[in-house]
Chemist: 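Just dropping this structure here.
Please read all numbers here as calculations on a predicted model, not as lab measurements. All chains are named by letter (A, B, ...) in the order of the sequence lines, taking the proteins before the strands, and each is independently numbered beginning at 1. The basis for the numbers below is simple: all heavy atoms, side chains too, and nothing from hydrogens, waters or symmetry mates.
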Amino acid sequence: MNPEPIVTRFAPSPTGHLHIGGARTALFCWAFARHAGPNGRFMIRIEDTDQARSSDESARGILEDLAWLGITWDDGPVLGDIGRGSRPVGPYFQAQRLDIYNRYVEHLGRLGRAYPAFETADELDAARRAAAAQKKTFKYPRPADVRPGEFNEARWRRAAAGEPHVVRFAMPPEGIRVHDSILGEVKFAPGEVDDFVIRKADGFPTYHFAVVIDDELMGVTHVLRAQEHLMNTPRHVALQQALTRTDGGAPFRTPVYAHMPLIFNMDGGKMSKRDKAKAARAALKAAMQKDPALTPALAAARAGLAESAVAEFLAGTSDAVEFAEALAGPFAVALPEVEVWDYRRSGYLPEVITNFLALLGWSPGMKSPDGKDVEKFDMEFLARHFSLERIGRGNAKFDRVKLLSFNADAIAAMTDDRFSERFQTWADEHEPEFARRWRALQAPRRSALLRLARPRCKTLRDLIRVVEFAMVADEAVAFDPAAVAKHLTPPGRDALAAFAQRLRALGPNADAAAIDAVVAAVAAERNAKLGEVAQPVRVGITGGTVSPPLGETVAAIGVASALRRIERCLQAR
RNA sequence: GGCCCCUUCGUCUAGCCCGGUCCAGGACGCCAGGUUCUCAUCCUGGUAACAGGGGUUCAAAUCCCCUAGGGGUCACCA
């Protein structure tokens, strides 16, 4: 006898990128199915019943992000080599399943559990506003001629005649109990839920209807979703209790529900795209404050935007993400990441994202031999140990600083070769211009840079900043005026010249240790601290005060190159 | 506002179901010190919580009740 199959699903609506919270939902659905081994299946369904907002492009983007995270699906849309071997329960785009939904709408109509309603959206709006004015909650009043259990011929005839209408479900008179694996039993009193719409005027099903039909027909056994869906669940359960299958008459089953806690920003607000606008606005305002010459018009020109757009953006009447993105580059604003794509672009590793996400609302509850909590693990570990019982009930705040620390740890734990591969793959996708120059470097030089950059990288993107000094031409090094003023004082210049002289004597292939010895020797002969030599040299070679240890820095660009830079620096003044 | 859910360090959490081993453990952060030519890494130490109030009990973070606070949701969006 085969054990009961376990089927979970992630059902995004393709109206944008994959949100980081959605990724967690998908991850938990995936982990639960994988935990069941060969018995478990994880499915993707695209909920594109909102005609106005859905797009194939965003469906594709979401699937790509899931694949990037390592969340693979057994059933669902095919993307490259992912998602083959589907069971015959598709199609997986709801827009392609309209005939199925219509069959069930008619079915419910005949049972007297669904009826056409003819109020216009405007009428309902007005009724809602009136209710709000009296501080009452609007509930759709069931029309007097509607009697649950009786087919309403008059209404269906009007509908068939082409009169614009929606179809509503007649809620049962009794209350609804929802059994939730995380929250326990949740009760909803009779009359709490009104007769909701199951088919819109455009002929598309609503979310509530499509989800219930599809989950049944696709054999979904466990529904893991965010807690914001909890209040929808009585509708779904009522629908399940009213429906029987048209292929054989079996009653619909109610899946196991598990409503997961929500994820918020550190400030307690929702993680939303608007955060990007807020960050960009704050940064721009700060920049204008610091530099009175910076006008909205100037900022607009620098960002390639219309002046009016920038004005609106600054005034807060527009939160357009495109504006935030356009401003981020020229004004060096780090926009907060809220979608998986943002984290990808910022240089986070997928296995770190999933590890961190798994810790938001779940924990393995295990100690390692040294008594510390187990909190670093891979997807295989997650799949092996995941369970609904260990999902918490309280909401979590997303601490980007901790994520960054995890990412840095993962980079530190890699081999140099692996780091190199991961960086190149990332750069090819996100910084192709840099990637081209990086590949053009000679292999030994590249690996030298990689080695010294790695402990200084928390993200893959960080590498670009750390090795910047080595990527500019000798004659293009920009000397930071503040650094020059501080370190290229007369004694500093003198030390720099002395260093150059000894460096030249070392020959072109000197290694880091030999170069460090030169720094020490120059310091010793003038009775100076190491820093009094090292910093002027650092400025002369990199243009700034920050770089990896001098020996390695010089070795990474080569002695000849270092000498040219020093010479140019000394001549400049 | 109605309904529903939640509540351990600043943050993520362990412990709670099966009361004593918890003057509450780990991680990130923060602080201090060490290593050090800058930056980063690294090492050592420290900081900091059972929301409040009532019960029950020899004993409560753990069980019960109340209060407060936070969140979700009230669409022809999903």
Side-chain angles (χ1 to χ4, degrees), chain A residues 11-13 15 47-50 52-54 117 119-121 124-125 128 132 135-139 164-168 178 180 182-184 186-189 192-194 196-202 204 206-208 210-211 226-234 259 261-262 264 266 268 356 359-368 370-376 389 392-399 401-406 408 412 452-458 462 466 483 487 516 519-520 523 529-539 542 544-551 553:
Chain A
S13 61
T15 56
E47 309 221 322
D48 54 351
T49 54
D50 184 339
R53 295 197 302 150
S54 296
E119 295 81 7
T120 65
L124 291 172
D125 270 357
R128 275 192 196 94
K135 300 201 167 189
K136 284 187 175 164
T137 313
F138 175 80
K139 290 206 177 70
H165 68 284
V166 299
V167 177
R168 286 179 185 268
V178 174
D180 187 282
I182 297 169
L183 303 172
V186 185
K187 289 178 232 173
F188 298 88
E192 199 56 56
V193 182
D194 61 9
F196 57 96
V197 175
I198 59 175
R199 187 171 67 194
K200 300 179 260 187
D202 66 2
F204 276 68
T206 58
Y207 158 76
H208 302 299
V211 86
Q227 236 173 64
E228 63 194 16
H229 286 290
L230 183 61
M231 301 307 277
N232 294 149
T233 312
H259 288 94
L262 271 15
F264 294 99
M266 289 304 279
F356 187 73
L359 257 11
L360 258 31
W362 182 82
S363 82
M366 295 163 67
K367 304 262 188 213
S368 55
D370 60 2
K372 302 191 169 186
D373 291 359
V374 173
E375 61 171 9
K376 299 277 178 71
E389 291 73 44
R393 280 174 290 275
N395 296 333
K397 290 178 183 164
F398 191 96
D399 187 351
V401 178
K402 184 161 180 173
L403 203 220
L404 196 60
S405 163
F406 271 38
L452 86 225
R454 200 150 64 95
R456 293 168 176 78
C457 292
K458 289 178 190 281
D462 283 342
V466 175
H487 297 290
D516 278 333
V519 176
K529 290 185 199 158
L530 266 183
E532 291 171 308
V533 176
Q535 283 304 72
V537 172
R538 180 166 277 116
V539 175
T542 69
T545 56
V546 175
S547 89
L550 261 188
T553 299

Chemist: Could you check which nucleotide pairs with A78(B) in any of the strands shown, counting Watson-Crick or G-U wobble with both distances under 3.5 Å?
Modeler: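 Base partner found: none.
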
Chemist: Has the side chain of Lys402(A) got a donor or acceptor atom sitting under 3.5 Å from an opposite partner on the base of A27(B)?
Modeler: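 When only heavy-atom distances are counted, Lys402(A) does reach the base of A27(B) through a donor-acceptor pair under 3.5 Å.
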
Chemist: In terms of side-chain heavy atoms of Asp516(A), which of C37(B), G2(B), U13(B) is nearest?
Modeler: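 Selected nucleotide: C37(B).
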
Chemist: Tell me yes or no: between the side chains of Ser547(A) and Thr553(A), is some donor less than 3.5 Å from an acceptor?
Modeler: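 Yes - a donor-acceptor pair under 3.5 Å links their side chains.
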
Chemist: Name the residue closer to the 5' end of RNA chain B, choosing between Ser363(A) and Pro12(A) according to the nucleotide with the nearest heavy atom.
Modeler: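 The residue whose closest nucleotide sits nearer the 5' end is Ser363(A).
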
Chemist: In whole angstrom, what separates Phe356(A)'s CZ from G29(B)'s C1'?
Modeler: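 Going from Phe356(A) (CZ) to G29(B) (C1'), I get 12 Å.
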
Chemist: In sequence, state the C-alpha distance, the side-chain angles, and the governing distance for Phe138(A) and Leu124(A), and then conclude on side chain to side chain contact (heavy atoms under 4.5 Å, CB included).
Modeler: CA-CA 9 Å; Phe138(A) 175 80; Leu124(A) 291 172; 4.3 Å; yes

Chemist: Name the nucleic acid region contacted by Asp125(A), choosing base, sugar-phosphate or nothing; use a 4.0 angstrom heavy-atom cut-off, strictly under.
Modeler: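 The residue Asp125(A) makes no contact with any strand.
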
Chemist: Donor-acceptor pair, Ser13(A) side chain versus Thr15(A) backbone, under 3.5 Å?
Modeler: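 Looks like no, no N/O pair under 3.5 Å.
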
Chemist: Counting only side-chain heavy atoms from C-beta out, which of C77(B), G71(B), G2(B) sits nearest to Asp50(A)?
Modeler: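 Looking only at side-chain atoms, Asp50(A) lies closest to C77(B).
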
Chemist: Taking only the C1' atom of each, what is the distance from U8(B) to G1(B) in whole angstrom?
Modeler: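 To the nearest whole Å, 32 Å.
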
Chemist: Which part of the nucleic acid, if any, lies within reach of Thr49(A) when heavy atoms closer than 4.0 Å are counted: base, sugar-phosphate only, or nothing?
Modeler: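 Result for Thr49(A) = sugar-phosphate.
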
Chemist: By nearest atom, which of the nucleotides A14(B), C4(B), C6(B) is closest to the Leu183(A) side chain?
Modeler: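 It is C6(B).
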
Chemist: Within the structure shown, what part of the strands sits under 4.0 Å from Met366(A) by heavy-atom distance: base, sugar-phosphate, or nothing?
Modeler: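 Since no nucleic acid heavy atom lies under 4.0 Å of Met366(A), the category is nothing.
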
Chemist: Donor-acceptor pair, Arg454(A) side chain versus Ala412(A) backbone, under 3.5 Å?
Modeler: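 Such a contact is found between Arg454(A) side chain and Ala412(A) backbone.
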
Chemist: Nearest whole angstrom, please: distance from the P of C37(B) to the CG of Leu452(A).
Modeler: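 Rounded to the whole Å, the gap is 17 Å.
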
Chemist: Just to be sure I understand the rule, does Arg199(A) reach a base, reach only the sugar-phosphate, or reach nothing, if contact means heavy atoms closer than 4.0 Å?
Modeler: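 Since no nucleic acid heavy atom lies under 4.0 Å of Arg199(A), the category is nothing.
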
Chemist: Taking CZ from Arg456(A) and P from C42(B), how many angstroms apart are they, rounded to a whole number?
Modeler: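 Whole-Å distance recorded here is 12 Å.
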
Chemist: If you check every side-chain atom of Arg538(A), which of U38(B), C77(B), G72(B) has the closest atom?
Modeler: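 Selected nucleotide: U38(B).
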
Chemist: Select base, sugar-phosphate, or nothing to describe what Arg393(A) touches, counting heavy atoms under 4.0 Å on all strands.
Modeler: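 Sugar-phosphate: the residue Arg393(A), judged by heavy atoms under 4.0 Å, touches backbone atoms but no base.
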
Chemist: Tell me the interatomic distance from Asp399(A), atom CG, to C30(B), atom C1', rounded to whole angstroms.
Modeler: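 Whole-Å distance recorded here is 12 Å.
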
Chemist: Looking at A78(B), C4(B), U41(B), which one has an atom nearest to any side-chain atom of Ser13(A)?
Modeler: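 Of the candidates, A78(B) comes closest.
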
Chemist: Tell me what Pro261(A) touches on the nucleic acid: a base, only sugar-phosphate, or nothing, going by heavy atoms under 4.0 Å.
Modeler: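 Here Pro261(A) touches no strand at all.
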
Chemist: Considering only atom P, compute the distance from A49(B) to A68(B) and round it to an integer number of Å.
Modeler: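 One P to the other, the span is 26 Å.
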
Chemist: Just checking Leu262(A): base, sugar-phosphate only, or nothing, at a heavy-atom cut-off of under 4.0 Å?
Modeler: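 Sugar-phosphate contact only.
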
Chemist: Between A40(B) and A24(B), how many Å separate the two P atoms, rounded to a whole number?
Modeler: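 Result for the P pair: 33 Å, nearest Å.
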
Chemist: Give me the distance, rounded to whole Å, that separates U73(B) from C39(B) when you measure between the P atoms they each carry.
Modeler: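 Between the two P atoms, the distance is 46 Å.
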
Chemist: According to the Watson-Crick and G-U wobble definitions, with both distances under 3.5 Å, which nucleotide is paired to A14(B)?
Modeler: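 Per the H-bond distance test, none.
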
Chemist: Assign Lys187(A) to base, sugar-phosphate, or nothing according to its heavy-atom contacts below 4.0 angstrom with the strands shown.
Modeler: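 Result for Lys187(A) = sugar-phosphate.
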
Chemist: Any donor and acceptor pair, going by atom type alone, linking the side chain of Thr545(A) with main-chain N or O of Ala483(A) inside 3.5 Å?
Modeler: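 Not a single qualifying donor-acceptor pair exists.
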
Chemist: Select base, sugar-phosphate, or nothing to describe what Thr545(A) touches, counting heavy atoms under 4.0 Å on all strands.
Modeler: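 Answer is base: heavy atoms of Thr545(A) come under 4.0 Å of a base.
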
Chemist: Rounded off to whole Å, could you give me the NZ-to-C1' distance for the Lys397(A) and U7(B) pair?
Modeler: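 The distance from NZ of Lys397(A) to C1' of U7(B) comes to 12 Å, rounded to the nearest Å.
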
Chemist: Choosing from U73(B), A27(B), A78(B), which nucleotide comes nearest the side chain of Asn232(A)?
Modeler: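 For Asn232(A), the side-chain atoms sit closest to A78(B).
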
Chemist: Describe the nucleic acid contact of Ala121(A) in one word from base, sugar-phosphate, nothing, applying a heavy-atom distance below 4.0 Å.
Modeler: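 Base contact.
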
Chemist: Using a 4.0 Å heavy-atom cut-off, does Phe398(A) contact any base of the nucleic acid, only the sugar-phosphate backbone, or nothing at all?
Modeler: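 Result for Phe398(A) = nothing.
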
Chemist: Is there a Watson-Crick or G-U wobble partner for A60(B) with both distances under 3.5 Å, and which nucleotide is it?
Modeler: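 Check on A60(B): unpaired, no WC or wobble geometry under 3.5 Å.
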
Chemist: Which whole-number value in Å describes the distance from Lys367(A) NZ to U13(B) P?
Modeler: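 Answer to the nearest Å: 15 Å.
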
Chemist: Sticking with atom C1', work out how far G55(B) lies from C4(B), rounded to a whole angstrom.
Modeler: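 Pairwise C1' distance, G55(B) against C4(B), rounds to 27 Å.
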
Chemist: Given that both distances must come in under 3.5 Å, which nucleotide forms a Watson-Crick or G-U wobble pair with G45(B)?
Modeler: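 WC or wobble partner is C31(B).
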
Chemist: Is the shortest side-chain N/O distance from Arg454(A) to OP1 or OP2 of C42(B) below 4.0 Å?
Modeler: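 Checking C42(B) against Arg454(A), no side-chain N or O comes under 4.0 Å of OP1 or OP2.
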
Chemist: Compare all side-chain heavy atoms of Glu192(A) with those of Lys139(A) and state whether any distance is below 4.5 angstrom.
Modeler: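 Sidechains of Lys139(A) and Glu192(A): in contact.
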
Chemist: If I pick the C1' atom on G26(B) and the same atom on C9(B), what distance separates them, to the nearest angstrom?
Modeler: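 Here C9(B) and G26(B) have their C1' atoms 12 Å from each other.
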
Chemist: Give the minimum heavy-atom separation between Ala226(A) and Leu262(A), together with the two atoms involved.
Modeler: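 Taking Ala226(A) first and Leu262(A) second, the nearest heavy atoms are CB-CD1, 3.7 Å.
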
Chemist: Considering Watson-Crick and G-U wobble pairs with both distances under 3.5 Å, what does A24(B) pair with?
Modeler: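 Paired with A24(B), as far as the under-3.5 Å criterion goes, is no nucleotide at all.
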
Chemist: Please figure out whether Pro455(A) or His208(A) has its closest RNA chain B nucleotide nearer the 5' end.
Modeler: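 Its nearest nucleotide lies further toward 5', so the answer is Pro455(A).
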
Chemist: Please pick, from A75(B), A78(B), U73(B), the nucleotide with the shortest atom-to-atom distance to any side-chain atom of Glu228(A).
Modeler: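 Selected nucleotide (nearest to the side chain): U73(B).
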
Chemist: Have a look at Thr206(A) and tell me which of Val197(A), Val211(A), Val167(A) forms a side chain to side chain contact (heavy atoms under 4.5 Å, CB included) with it.
Modeler: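 Between Thr206(A) and the candidates, side chain to side chain contact (heavy atoms under 4.5 Å, CB included) is satisfied uniquely by Val197(A).
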
Chemist: Given the P atoms of C16(B) and A51(B), what is the spacing between them in whole Å?
Modeler: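 Per the computed distance, 16 Å lies between those P atoms.
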
Chemist: Return the value, rounded to whole Å, for the distance between atom CZ of Arg53(A) and atom P of C77(B).
Modeler: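 Result: 9 Å.
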
Chemist: Pro549(A) near the nucleic acid: base, sugar-phosphate alone, or nothing, with a heavy-atom cut-off under 4.0 Å?
Modeler: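 The answer is base, as Pro549(A) lies within the cut-off (heavy atoms under 4.0 Å) of a base atom.
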
Chemist: What integer number of Å spans the P atoms of C3(B) and G20(B)?
Modeler: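 After rounding to an integer number of Å, I get 37 Å for this pair.
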
Chemist: Ignoring the backbone of Val197(A), work out which of G72(B), C76(B), C12(B) is nearest its side chain.
Modeler: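 Minimum distance to the Val197(A) side chain belongs to C76(B).
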
Chemist: Counting only side-chain heavy atoms from C-beta out, which of A78(B), G29(B), G72(B) sits nearest to Val401(A)?
Modeler: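 My answer, after comparing the listed nucleotides, is G29(B).
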
Chemist: Can you figure out which of G29(B), C76(B), A78(B) approaches the side chain of Ser405(A) most closely?
Modeler: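 Of the candidates, G29(B) comes closest.
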
Chemist: I need the CZ-P distance between Phe204(A) and C77(B), as an integer number of Å.
Modeler: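 The answer, rounded to whole Å, is 11 Å.
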
Chemist: Just name whichever nucleotide pairs with G69(B), Watson-Crick or G-U, keeping both distances under 3.5 Å, else none.
Modeler: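 In the structure as shown, G69(B) has C6(B) as its Watson-Crick or wobble partner.
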
Chemist: Heavy atoms only, 4.0 Å cut-off, all strands: where does Gly544(A) land among base, sugar-phosphate and nothing?
Modeler: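 Here Gly544(A) touches no strand at all.
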
Chemist: Taking C-beta and beyond as the side chain, do Leu359(A) and Lys402(A) meet within less than 4.5 Å on heavy atoms?
Modeler: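 With C-beta onward as the side chain, the pair stays apart.
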
Chemist: Please work out if Leu360(A) contacts a base, only the sugar-phosphate, or nothing of the nucleic acid, heavy-atom cut-off 4.0 Å.
Modeler: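 Sugar-phosphate contact only.
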
